[in-house]
Amino acid sequence: MRIQLLDNITGKWSLQWIIIWFISGVLALSAGFWFTTEHSTLDWFYLAVSFIGLICVVSLSFRKNVAGNGFGMAATAGEVVVQGTAGSVGLMLAPLFNFFTHLYGLFYWSKNTDADGDMIPKSANKWVWLITITFMIIGLALFPTVNALLASYGYAVVENDSSLFLGFISFFWINVIAFILSITAQAAMILRYSFNWWLWIISNFVWLTVNLMSGNYIFAIQTMVYQVNSFVGLYEWYRSEQDAAKAS
């Protein structure tokens, strides 16, 4: 199904959309930074990293290899520094994973481009879906054990303090689900599968809950800015996938 507004946003209005979305994201993140942080050096550094992240995700949604994966490497490297300097060594695992996937994507996407130099997405068959679901189930099953092992060395990804949000949402398990979803979505994106955006959309809703639970409002704002881009990316990738199929 084609939607005229989204056809325009991903087509003739794409530049205008990117500029408006980016400026809106910068303003939202800046407001969150100004009103919810202590303006420490680390806060300023993360704000800069979040701006780089904006460039990364909008470039990925429009299938731009160098800008998407290049700025992705810069953003994830910055996140590694943020988590490391904050003493959250376990939380460095996700951005480290994303850094190396962007590095791989930089070369892999370059070999799968259209006449405009943009990456060509591909559809997933039932086996890809089965592997993806199996990976997430195994990840959810093994994560508590792996996290406990890392915790014994002082490198826990998520602290299991048995806290609840709204009286019934486990802070530990909501973090686990967010972590597994995000790394699965990242892998699917780098492998050029269009369904990755469905995973990002679900992941962003989960991360929003995590950020609200922890009072991390600037991250919550970032998640929603990313969410708007995810819906555009979903449409752009599926549209491009269909156009490539018709041309072949």
Side-chain angles (χ1 to χ4, degrees), residues 10 14-15 17-19 21-22 25-26 45-84 91-124 128 131-132 135 139 179-201 203-204 207 222-223 225-245 247-248:
T10 57
S14 60
L15 180 60
W17 165 258
I18 290 170
I19 292 173
W21 177 87
F22 180 77
V26 167
F45 182 78
Y46 188 78
L47 181 65
V49 170
S50 68
F51 290 164
I52 297 173
L54 291 177
I55 301 173
C56 164
V57 297
V58 76
S59 298
L60 290 171
S61 67
F62 282 89
R63 304 177 291 116
K64 305 299 181 182
N65 181 25
V66 176
N69 286 305
F71 279 102
M73 290 170 63
T76 52
E79 290 172 16
V80 169
V81 173
V82 169
Q83 300 297 352
L91 292 178
M92 293 169 61
L93 292 177
L96 274 173
F97 171 81
N98 292 341
F99 175 87
F100 287 109
T101 57
H102 281 304
L103 179 61
Y104 173 76
L106 197 62
F107 295 97
Y108 177 56
W109 282 24
S110 66
K111 298 178 181 179
N112 298 275
T113 58
D114 57 21
D116 296 322
D118 298 329
M119 181 275 294
I120 303 173
K122 60 182 179 181
S123 60
V128 173
I131 292 171
T132 301
F135 173 82
F179 182 84
I180 297 299
L181 276 172
S182 61
I183 64 172
T184 306
Q186 175 72 13
M189 171 183 285
I190 296 302
L191 293 175
R192 302 189 294 119
Y193 290 114
S194 299
F195 77 89
N196 83 86
W197 291 106
W198 287 114
L199 295 178
W200 279 123
I201 288 169
S203 177
N204 285 333
W207 276 117
Q222 183 187 56
T223 301
V225 172
Y226 281 3
Q227 188 71 303
V228 173
N229 182 69
S230 293
F231 283 106
V232 173
L234 176 70
Y235 190 84
E236 161 68 10
W237 279 44
Y238 273 112
R239 182 182 66 85
S240 301
E241 179 190 312
Q242 293 168 359
D243 290 346
S248 60

*With no hydrogens and no angle check, is any side-chain donor or acceptor of Ser14 less than 3.5 Å from a backbone partner on Thr10?*
no

*asked:* When you compare the side chains of Glu241 and Tyr193, does any donor N or O come within less than 3.5 Å of an acceptor on the partner?
replied: no

_Flag, side chain of Arg192 to backbone of Gly105, donor-acceptor distance under 3.5 Å_ = no

_Worked check of side chain to side chain contact (heavy atoms under 4.5 Å, CB included) between Tyr46 and Glu79_ = CA-CA 7 Å; Tyr46 188 78; Glu79 290 172 16; 4.3 Å; yes

*What's the shortest heavy-atom distance between Asn196 and Ala185, and which atoms?*
CB-O, 3.6 Å

*asked:* Once rounded to the nearest 0.5 Å, what's the spacing between atom OG of Ser203 and atom CZ of Phe179?
replied: 11.0 Å

*Should Val225 and Leu54 count as side-chain neighbours, where that means a heavy-atom distance under 4.5 Å?*
yes

*Side chains of Asn229 and Ser61: do they bring a donor and an acceptor to under 3.5 Å?*
yes

_Flag, side chain of Trp207 to backbone of Thr223, donor-acceptor distance under 3.5 Å_ = no

*In Å, rounded to the nearest 0.5 Å, how long is the span from SG of Cys56 to CZ of Phe51?*
15.5 Å

*Show your reasoning for whether side chain to side chain contact (heavy atoms under 4.5 Å, CB included) applies to Thr132 and Phe195.*
CA-CA 11 Å; Thr132 301; Phe195 77 89; 3.6 Å; yes

*Who pairs with Tyr104 by ring pair (Phe, Tyr, Trp, His ring centres under 6.0 Å), at least two apart in sequence or on another chain?*
Tyr108

*asked:* Less than 3.5 Å apart, any donor N or O on the side chain of Thr101 or Gln186 sitting next to an acceptor on the other?
replied: yes

*Show your working on salt bridge (charged side-chain N to carboxylate O under 4.0 Å, His left out) between Arg63 and Glu236 and close with a plain yes or no.*
CA-CA 8 Å; Arg63 304 177 291 116; Glu236 161 68 10; 2.8 Å; yes

*Is a side-chain donor or acceptor of Asn65 paired with a backbone partner of Met119 at a separation under 3.5 angstrom?*
no

*Greater than 12 external heavy atoms within 6.0 Å of Phe45's CZ*: yes

*Kindly say whether Gly117 contributes a backbone atom to a donor-acceptor pair with the side chain of Asp114 at under 3.5 angstrom?*
yes

*Going by heavy atoms in the side chains, are Asn69 and Leu103 under 4.5 Å from each other?*
no

*Approximate separation, where rounding is to 0.5 Å, of Ile52 CD1 and Thr76 OG1*: 10.0 Å

*To the nearest 0.5 Å, tell me how far Gln242 CD sits from Trp237 CH2.*
14.5 Å

*CG of Asn204 to CG of Leu181: how many Å apart, nearest 0.5 Å?*
10.0 Å

*Indicate yes or no: at least one non-hydrogen side-chain atom of Asp118 is less than 4.5 angstrom from one of Thr113.*
no

*Worked check of side chain to side chain contact (heavy atoms under 4.5 Å, CB included) between Val80 and Phe99*: CA-CA 9 Å; Val80 169; Phe99 175 87; 5.8 Å; no

*Kindly indicate whether the side chain of Tyr226, heavy atoms from C-beta on, has any atom under 4.5 Å from the side chain of Ile201.*
no

*Show your working on side chain to side chain contact (heavy atoms under 4.5 Å, CB included) between Trp200 and Met189 and close with a plain yes or no.*
CA-CA 9 Å; Trp200 279 123; Met189 171 183 285; 3.3 Å; yes

*Say you draw a straight line from CG of Asn98 to CD1 of Ile190; how long is it, rounded to the nearest 0.5 Å?*
8.0 Å

